[in-house]
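The structure appears right after this line, and notes come after that.
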Amino acid sequence: MAVAIASESRLSSVQGRRPSLATLCSHSSLQIFHGARTEGFSTLGLCVGAPPRFYDAFPLARPDRFLSVPTVRELPSVAAQLRSEGAIIVPHGSFVEYVGPQAFSELDVPVFGNRAVLGWESDRRKEREWLDRAGVPMPAAYEDLADVDGPVIVKYYGAKGGKGFFLAKNREALADFRPTGPYVIQEYVLGTRYYMHFFYSPLSDRGYRVGHGSLELLGMDRRDEANIDELYKLGAQEELLKAGIRPTFVVTGNVPVVLRESLLPKAFDVAGRIVEQSIDLFGGMVGPFCVEGIMTEELEFKVFEISTRIVAGTNLFISGSPYSDLVAPGLSTGRRIAQEIRRGEAEGRLAEILS
Ligand code: ATP
């Protein structure tokens, strides 16, 4: 059995009643509401100002009710109302970013997943320590510019969508680098990017066993990233820099991908290690997470980032993916979250999956 990550008092608002699932109206909310509805939950959309009109276009994903706040930062002020409605918050990739990590970690409402993960994922160095301890291959990191011996990517802390990242093809090219804040320098890995959507269930006792539960692969995508993805069509980067155009990695969409089947053992091994290590470090991740990495031509998978909540790439698979269809037909990550909560309720084990 997994460890409890929620106190009795945190769970009191959802005990002895049917909870409703709530999330912020953005990112992957359509999928989360659709999945919750399919599993028989009532749904609550948290929005800023008037409810977004586009939900009217998607009747199967429209939340049953909306709760409006003047700004996202004011969400903590409606915590008591959320508790009185028996809400469980399902955080998505934008939720923590908009609400702010501090406010999110203190939000006095039950949240799906382990909030303790925040301390390990929001700082690039701590995340690296987690992956290092797990024995997961990563792009080399350089402490000193003088050690650079190949192409590198310089990443700023908290750079959303890789804004302001600096690419240099060698040490000499780094001479032009003028830091504007704290950064890390990484080996620029040449290969193919894969964003793998996993789900760790601490409640499950069958399937691919990891930690106290089991690991599922629900989908995989690659991100369309403006403007880097199409840069090659315009010529060499140096020429563009002369023209004042810098590469960015701002995500503009997602495309579905599948991995060579012979590489799946590697994918599961990496994801399994990340989960096992999370259990040792902070009691374990729960639910969806995304392993983001680059497969080299030597077929080594180097992980540059993990996202520890539902990622927007899962929106491709609302009616199932080539992987999730082999777990259960038509299974989305949003629906899988709702199933996990339903099971936690039925088995009296919500303390293992909510925090
Ligand atoms: P987001 O918050 O949107 O996930 P981020 O600011 O955390 O972005 P990363 O996810 O680390 O940044 O990287 C953004 C993009 O940069 C990746 O999707 C990938 O295309 C590219 N990238 C990151 N690290 C490397 C690397 N070591 N080698 C090559 N490309 C990389």
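First listed ligand is number 1; within each ligand, the first listed atom is number 1.
Atoms of ligand 1 found under 4.0 Å from any heavy atom of Pro139, numbered from 1 in the order shown, are 27 (N). Using a 4.0 Å cut-off to heavy atoms of Phe165, the atoms of ligand 1 that qualify are 6 (O), 12 (O), 13 (O), 14 (C). Residue Arg223 has at least one heavy-atom neighbour below 4.0 Å for each of these atoms of ligand 1: 4 (O). Within the listing of ligand 1, atoms 28 (N), 29 (C), 30 (N) sit less than 4.0 angstrom from a heavy atom of Ile294. Counting the atoms of ligand 1 from 1 in the order shown, those under 4.0 Å from a heavy atom of Phe249 are 15 (C), 16 (O), 20 (O), 21 (C). Close approach of ligand 1 to Arg193 is summarised as follows: ligand atoms under 4.0 Å from at least one heavy atom of the residue are 19 (C), 20 (O).
Here Glu172 pairs with Asn170 under the side-chain contact (heavy atoms from CB on, under 4.5 Å) rule; sequence neighbours left out. In this view, Arg65 and Glu85 satisfy the salt bridge (Lys or Arg N to Asp or Glu O under 4.0 Å) rule, not counting sequence neighbours.
Taking the six-membered ring wherever Trp is involved, the centroid distance between the rings of Tyr183 and Phe177 falls below 6.0 Å. Here the two rings, on Phe166 and Tyr156, have centers that are 6.0 Å apart or farther.
For Tyr195, every heavy-atom contact with ligand 1 shorter than 4.0 Å involves the side chain, none the backbone. With a heavy-atom cut-off of 4.0 Å, Val251 does not touch ligand 1 at all. Proximity of Tyr188 to ligand 1, defined as any heavy-atom pair under 4.0 Å, is shared by backbone and side chain alike. Within the 4.0 Å heavy-atom criterion, neither part of Glu127 lies near ligand 1. For Glu187, every heavy-atom contact with ligand 1 shorter than 4.0 Å involves the backbone, none the side chain.
Taking the six-membered ring where tryptophan is involved, the planes of Phe112 and Phe199 are essentially parallel, since the angle between them stays under 30° and well short of 60°.
Using 4.0 Å as the threshold, Lys302 has no heavy atom nearer than that to any atom of ligand 1.
Tested against His197 for a side chain to side chain donor-acceptor pair (under 3.5 Å), the candidates Asp221, Thr314, Thr333 yield a single pass: Asp221.
Side chain to side chain, Glu74 and Thr71 meet the donor-acceptor criterion of an N or O pair below 3.5 Å.
Judged by the 6.0 Å distance and 45° axis criteria, Arg62 is not positioned over the aromatic ring of Phe33. A cation-pi contact, defined as under 6.0 Å to the ring centre and within 45° of the axis, is absent between Arg222 and Tyr195.
Checking Glu121, Glu305, Lys155 against atom 23 (C) of ligand 1, the nearest heavy atom belongs to Lys155.
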